[in-house]
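All ligand and atom numbering here is 1-based and tracks the order in the structure. In this chain, numbering begins with 1 at the start of the sequence shown.
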Amino acid sequence: MAEQYADPSTFSMDSFRLDGKVALVTGASYGIGFAIATGLAKAGAKIAFNDRDQAKIDAAVENYAKDGIEARGYVADVTSEEQMQQLVKDVEADFGTTPDILVNNAGIIKRTPMLEMDAADFRQVVDIDLNGPFIVSKAVLPGMIAKGHGKIINICSMMSELGRETVSAYAAAKGGLKMLTRNICSEFGEHNIQCNGIGPGYIATPQTAPLRERQADGSRHPFDSFIVAKTPAARWGTPIDLMGTAVFLASDASNFVNGQVVYVDGGILAYIGKQPA
Ligand code: NAP
Ligand code: GCO
């Protein structure tokens with residue numbers, strides 16, 4: 001008998017929708033996390049997020065509400081296994097189900113030349129940017145396995161691929177996060193769990209504000225000009241640039257995409273740089 005092939009006419013644009021899904025986005029009071037959570041909510045997901053600070057959560061809940069989004073915020077630090085396990089229990093109680101989608105977004109950077117960097121500072125960056133995603137993923141995975149599906153999106157970086165002066169801890173953590181992404185894919189793919197990364201290029205948020213500060217004479221920060229010249233799109237990205245990719249990776253439309261990092265970088269990683277004049 002002839003082999004039967006899948007019928008493409010069964011494809012629906014609804015596979016990009018997230019209706020009925022619960023998404024947990026870490027560190028989503030502002031910046032990239034806030035934008036990604038907003039994107040997921042606009043695609044139909046219910047939003048849970050955390051921050052270390054109640055006042056920031058309260059402000060964020062108001063900001064989500066301005067866009068008609070009813071997000072629930074929880075005080076929890078991604079480096080605390082106890083707090084994140086409790087957070088997932090609270091989400092289950094409040095939403096009636098374990099998260100279908102996790103976005104490991106919370107992160108910090110310390111820009112310090114390596115020889116001047118204390119081991120304690122290096123550890124703190126790795127703790128938040130790499131151990132954090134491990135801890136939160138570990139907290140949601142049993143529920144995802146029980147449900148038979150799950151999406152984990154790790155917010156990686158250009159520094160998952162490239163180094164530069166002053167960001168040794170960040171690059172080590174984000175390079176590690178790329179490999180944690182591949183490992184979660186390897187270990188849990190058979191449970192219909194997809195773990196992918198988004199590698200944002202240079203995005204205008206509070207984290208990168210020091211790199212755009214105007215000079216005393218009013219001119220652009222040299223790093224700002226460097227990034228614009230190095231980016232084929234000739235601009236910094238905005239958190240909005242990341243929303244579509246996040247929705248795709250959270251949706252059923254990406255069910256056979258696993259273990260990848262999608263670089264949303266205006267083309268930086270593809271470009272060797274301008275030739276000297
Ligand atoms: P941001 O503006 O500094 O926001 C970071 C968020 O993470 C804040 O909400 C912060 O909350 C939270 N956070 C930090 N440590 C936390 C912890 N231990 N527990 C819980 N929440 C914590 O940064 P962003 O630019 O939006 O970056 C978001 C993610 O994208 C980070 O992982 C970053 O490395 C990555 N990324 C950024 C860029 C970029 O160009 N901006 C590019 C590539 C990747 P608090 O206010 O409480 O500290
Ligand atoms: C830096 C920047 C970067 C970006 C981003 C690039 O100092 O080089 O902060 O690391 O934040 O991660 O993708």
Side-chain angles (χ1 to χ4, degrees), residues 24-38 48-60 63 71 73-81 83-84 87 103-113 123-136 153-178 180-181 197-213 221-224 226-227 230-231 235-243 245-246 261-269:
L24 169 60
V25 186
T26 66
S29 294
Y30 55 89
I32 289 173
F34 181 84
I36 286 179
T38 299
F49 70 99
N50 73 309
D51 193 296
R52 294 173 287 192
D53 182 66
Q54 185 66 51
K56 285 182 184 167
I57 288 176
D58 295 343
N63 287 329
Y74 301 82
V75 175
D77 188 316
V78 296
T79 63
S80 163
E81 195 152 19
Q83 289 178 27
M84 295 317 297
L87 167 67
V103 182
N104 280 312
N105 166 77
I108 62 163
I109 191 166
K110 288 182 192 281
R111 299 183 185 94
T112 313
R123 273 197 201 102
Q124 192 198 1
V125 174
V126 173
D127 208 19
I128 295 174
D129 294 2
L130 181 55
N131 291 345
F134 163 76
I135 286 169
V136 192
I153 301 172
N154 291 328
I155 305 304
C156 297
S157 164
M158 308 294 310
M159 273 59 209
S160 300
E161 300 294 337
L162 300 172
R164 85 173 185 84
E165 302 81 354
T166 75
V167 297
S168 57
Y170 186 78
K174 294 294 187 179
L177 187 56
K178 175 179 72 177
L180 180 65
T181 302
I198 294 178
Y202 279 82
I203 310 294
T205 69
Q207 191 200 71
T208 52
L211 305 175
R212 286 183 306 280
E213 255 170 25
H221 192 296
F223 198 88
D224 179 357
F226 164 65
I227 288 305
K230 181 77 182 79
T231 308
R235 65 171 175 87
W236 283 69
T238 78
I240 299 169
D241 288 314
L242 306 170
M243 291 164 74
T245 306
V261 178
V262 181
Y263 289 95
V264 183
D265 65 354
I268 291 193
L269 277 179

**Study point:** Nearest-0.5 Å distance, CG of residue Leu177 to CD1 of residue Ile155
**Key:**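 Between Leu177 CG and Ile155 CD1, I get 8.5 Å after rounding to 0.5 Å.
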Point to revise | Nearest-0.5 Å distance, CG of residue Asn50 to CD of residue Gln83 | key: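 Those atoms lie 9.0 Å apart.
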Check your understanding: Considering only heavy atoms, does Met158 approach ligand 1 within less than 4.0 Å through its side chain, its backbone, both, or neither?
Key ->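 Met158 to ligand 1: no contact under 4.0 Å from either part.
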**Study point:** Structural part of Ile128 in contact with ligand 1, heavy atom criterion under 4.0 angstrom
**Key:**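 The answer is the side chain.
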Would you tell me which option among [options] has the nearest heavy-atom contact to [atom]?
atom	options	answer
atom 21 (N) of ligand 1	Ala106, Ala28, Ala204, Ser29	Ala106
atom 12 (C) of ligand 1	Pro206, Gly199, Gly27, Gly237	Gly27
atom 5 (C) of ligand 1	Ala35, Ala76, Gly107	Gly107
atom 41 (N) of ligand 1	Asp265, Leu211, Thr205	Thr205

**Study point:** Side chains of Ile203 and Thr208 in contact at under 4.5 Å (non-hydrogen atoms)
**Key:**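 Result no, sub-4.5 Å side-chain heavy-atom pair not found.
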Please give the N or O to N or O pairs under 3.5 Å between ligand 2 and the protein, distances rounded to 0.1 Å.
from, atom 1, to, atom 2, distance (Å)
ligand 2, 7 (O), Arg111, NE, 2.6
ligand 2, 7 (O), Arg164, NH2, 2.7
ligand 2, 8 (O), Arg164, NE, 2.7
ligand 2, 8 (O), Arg164, NH2, 3.3
ligand 2, 8 (O), Tyr202, OH, 2.7
ligand 2, 9 (O), Arg111, NH2, 2.7
ligand 2, 11 (O), Gln207, OE1, 2.8
ligand 2, 12 (O), Ser157, OG, 2.7
ligand 2, 12 (O), Tyr170, OH, 2.7
ligand 2, 13 (O), Ser157, OG, 3.2
ligand 2, 13 (O), Met158, N, 2.8
ligand 2, 13 (O), Pro200, O, 2.7
ligand 2, 13 (O), Gly201, O, 3.4

Check your understanding: Does CZ belonging to Arg123 count more than 12 external heavy atoms closer than 6.0 Å?
Key ->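 No.
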Review point. Is Trp236 in contact with ligand 1, taking contact as a heavy-atom separation below 4.0 Å?
Key: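 Trp236 does not count as a contact of ligand 1 under the 4.0 Å cut-off.
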Point to revise | Close-contact set for ligand 1 against Ile203 heavy atoms, below 4.0 Å | key: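 Taking each heavy atom of Ile203 in turn, ligand 1 has 39 (C), 40 (O), 41 (N) under 4.0 Å.
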Check your understanding: Hey, is the main chain of Gly27 close enough, under 3.5 Å, to the side chain of Asn105 for a donor-acceptor pair?
Key ->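 At least one qualifying donor-acceptor pair exists.
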